[in-house]
Amino acid sequence: MEYFLIILGFCLLILGLAGAILPILPGPPLSFVGLLLIEISFGSPSRILLYVLGALALLVFLLDYWVPIWGTRKFGGTRAGVIGATLGLIAGLLVFPPFGVILGPFAGAYIGEVIYSKKTHGEAFKAAWGSFIGFLLGTGIKLIYSFLTLYLAITHILKNT
């Protein structure tokens, strides 16, 4: 049973790392559950560490939705730009992977601002740029968390074997 939990934990950690980039997977929660399974399989989890990492997983998960909206709004975007960035992310992921994940939100925010908000091309470009920066910040935060949990899992296994 112990080996099953370790293998399942690593699978979840890898899925969490993929979820840091792909918007269809909840990266930080998957990474946290993976680390939790590995910690439990060795029977010596640090409760304080797990509480902190669980709270961080929730915070990062929520920030991932807030940061792109903040970036779009900070650069003059509207709700149409935010919705366009979200639709562009999904379309880019399906049509032009892996670059579509980066280009899709930018194009979607731009199109949303031009068509629905009737903004000039310059204003729409600025809002799209904000969406792009917000997306990169959110992805960066998720990657840092996912790599941290993977590092902690590996060091815990190496220390206890």
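Since the model is a prediction, treat every value here as computed from it, not as a measurement.
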> In terms of heavy-atom contacts, does CD1 of Ile48 have more than 12 from other residues, nucleotides or ligands at under 6.0 Å?
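Counting neighbours around CD1 of Ile48, 12 or fewer heavy atoms of other residues, nucleotides or ligands fall under 6.0 Å, so no.
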> Does one hydrophobic cluster hold both Ile14 and Val33, with members joined at side-chain heavy-atom distances below 4.5 Å?
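They do not share one cluster, since no chain of ILVMFWY contacts under 4.5 Å joins Ile14 to Val33.
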> Which distance, rounded to the nearest 0.5 Å, do you find between the OH of Tyr145 and the CG of Leu150?
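These two atoms lie 12.0 Å from each other.
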> So which heavy atom on Leu17 is nearest to which on Ser31, and how close?
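That closest heavy-atom pairing would be N-OG, 4.0 Å.
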> Are the side chains of Leu137 and Leu63 in touch, meaning some heavy atoms are under 4.5 Å apart?
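No, too far: nothing below the 4.5 Å cut-off.
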> Rounded to the nearest 0.5 Å, what separation is found between the OH atom of Tyr110 and the CD1 atom of Ile115?
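Interatomic distance, Tyr110 OH to Ile115 CD1, rounded to 0.5 Å: 10.0 Å.
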> Are Thr78 and Tyr116 close enough that some pair of their side-chain heavy atoms sits under 4.5 Å apart?
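Heavy-atom side-chain distance check fails, nothing below 4.5 Å.
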> May I have all residue pairs that pass salt bridge (Lys or Arg N to Asp or Glu O under 4.0 Å) and include part of residues 133-155, sequence neighbours excluded?
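Qualifying pairs: Asp64-Lys142.
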> Any non-hydrogen side-chain atom of Arg79 less than 4.5 Å from a side-chain atom of Arg73?
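They are in side-chain contact.
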> Could you walk me through whether Leu13 and Ile38 pass the side chain to side chain contact (heavy atoms under 4.5 Å, CB included) test, one step at a time?
CA-CA 10 Å; Leu13 284 165; Ile38 290 172; 3.7 Å; yes
> If you compare all heavy atoms of Leu37 against all heavy atoms of Leu12, which two are closest, and at what distance to 0.1 Å?
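Heavy-atom minimum between the residues: CD1-CD1, 3.7 Å.
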> The test is side chain to side chain contact (heavy atoms under 4.5 Å, CB included); show your working for Thr120 and Glu123 and say whether it passes.
CA-CA 5 Å; Thr120 65; Glu123 293 170 330; 3.3 Å; yes
> Taking Thr149 for the side chain and Ser146 for the main chain, is one N or O donor matched with an acceptor at less than 3.5 Å?
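The answer is yes, because a donor-acceptor pair under 3.5 Å joins these two groups.
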> Cut-off 3.5 Å, no hydrogens considered: what does the side-chain donor-acceptor table look like for residues 81-96, sequence neighbours left out?
unit_1 : atom_1 : unit_2 : atom_2 : d
Thr86  : OG1    : Val82  : O      : 3.0

> Check this for me: Lys119, atom NZ, are more than 12 non-hydrogen atoms of other residues, nucleotides or ligands nearer than 6.0 Å?
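Count over threshold, so yes.
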> Following the transitive rule for hydrophobic clusters with a side-chain heavy-atom cut-off under 4.5 Å over Ile, Leu, Val, Met, Phe, Trp and Tyr, establish whether Ile144 and Leu30 coincide in one cluster.
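Shared cluster, no.
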> So if I apply the side-chain contact (heavy atoms from CB on, under 4.5 Å) rule between Phe4 and each of Ile7, Ile6, Leu8, which one comes out positive?
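So, applying the side-chain contact (heavy atoms from CB on, under 4.5 Å) to Phe4 and each of Ile7, Ile6, Leu8, only Leu8 qualifies.
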> Distance from Leu49 atom CG to Leu152 atom CG, nearest 0.5 Å?
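Between atom CG of Leu49 and atom CG of Leu152 there are 6.0 Å.
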> For the residue pair Ser41 and Leu5, what are the closest heavy atoms and their distance?
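Scanning both residues completely, I find the closest heavy atoms to be CB-CB, 3.8 Å.
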> Would His156 and Glu39 satisfy side chain to side chain contact (heavy atoms under 4.5 Å, CB included), going step by step from the backbone distance to the final call?
CA-CA 8 Å; His156 188 81; Glu39 291 282 329; 3.4 Å; yes
> What is the minimum heavy-atom distance between Gly54 and Phe32, and which atoms define it?
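So the two residues come closest at N-CE1, 3.3 Å.
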> Mind checking ring pair (Phe, Tyr, Trp, His ring centres under 6.0 Å) for Phe10 and listing every partner two or more places apart, or none if nothing turns up?
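Scan of Phe10 (ring pair (Phe, Tyr, Trp, His ring centres under 6.0 Å), adjacent residues dropped) gives none.
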> Say you draw a straight line from CG of Leu53 to CG of Leu148; how long is it, rounded to the nearest 0.5 Å?
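Result: 6.0 Å between the selected atoms.
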> Of the non-hydrogen atoms in Ala109 and Ser131, which two are nearest, and what is the gap between them?
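Here Ala109 and Ser131 meet closest at CB-CB, 3.8 Å.
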> If only atom types and distance count, is the side chain of Glu113 paired as donor or acceptor with the main-chain N or O of Ala128 below 3.5 Å?
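No; zero donor-acceptor contacts below 3.5 Å.
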> Looking at Phe106 versus Phe125, is the centre-to-centre ring distance below 6.0 Å?
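Between Phe106 and Phe125, the centre distance is under 6.0 Å.
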> Closest approach of Pro28 and Val60, non-hydrogen atoms and distance?
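Where Pro28 meets Val60 most closely, the heavy atoms are CG-CG1, 3.4 Å.
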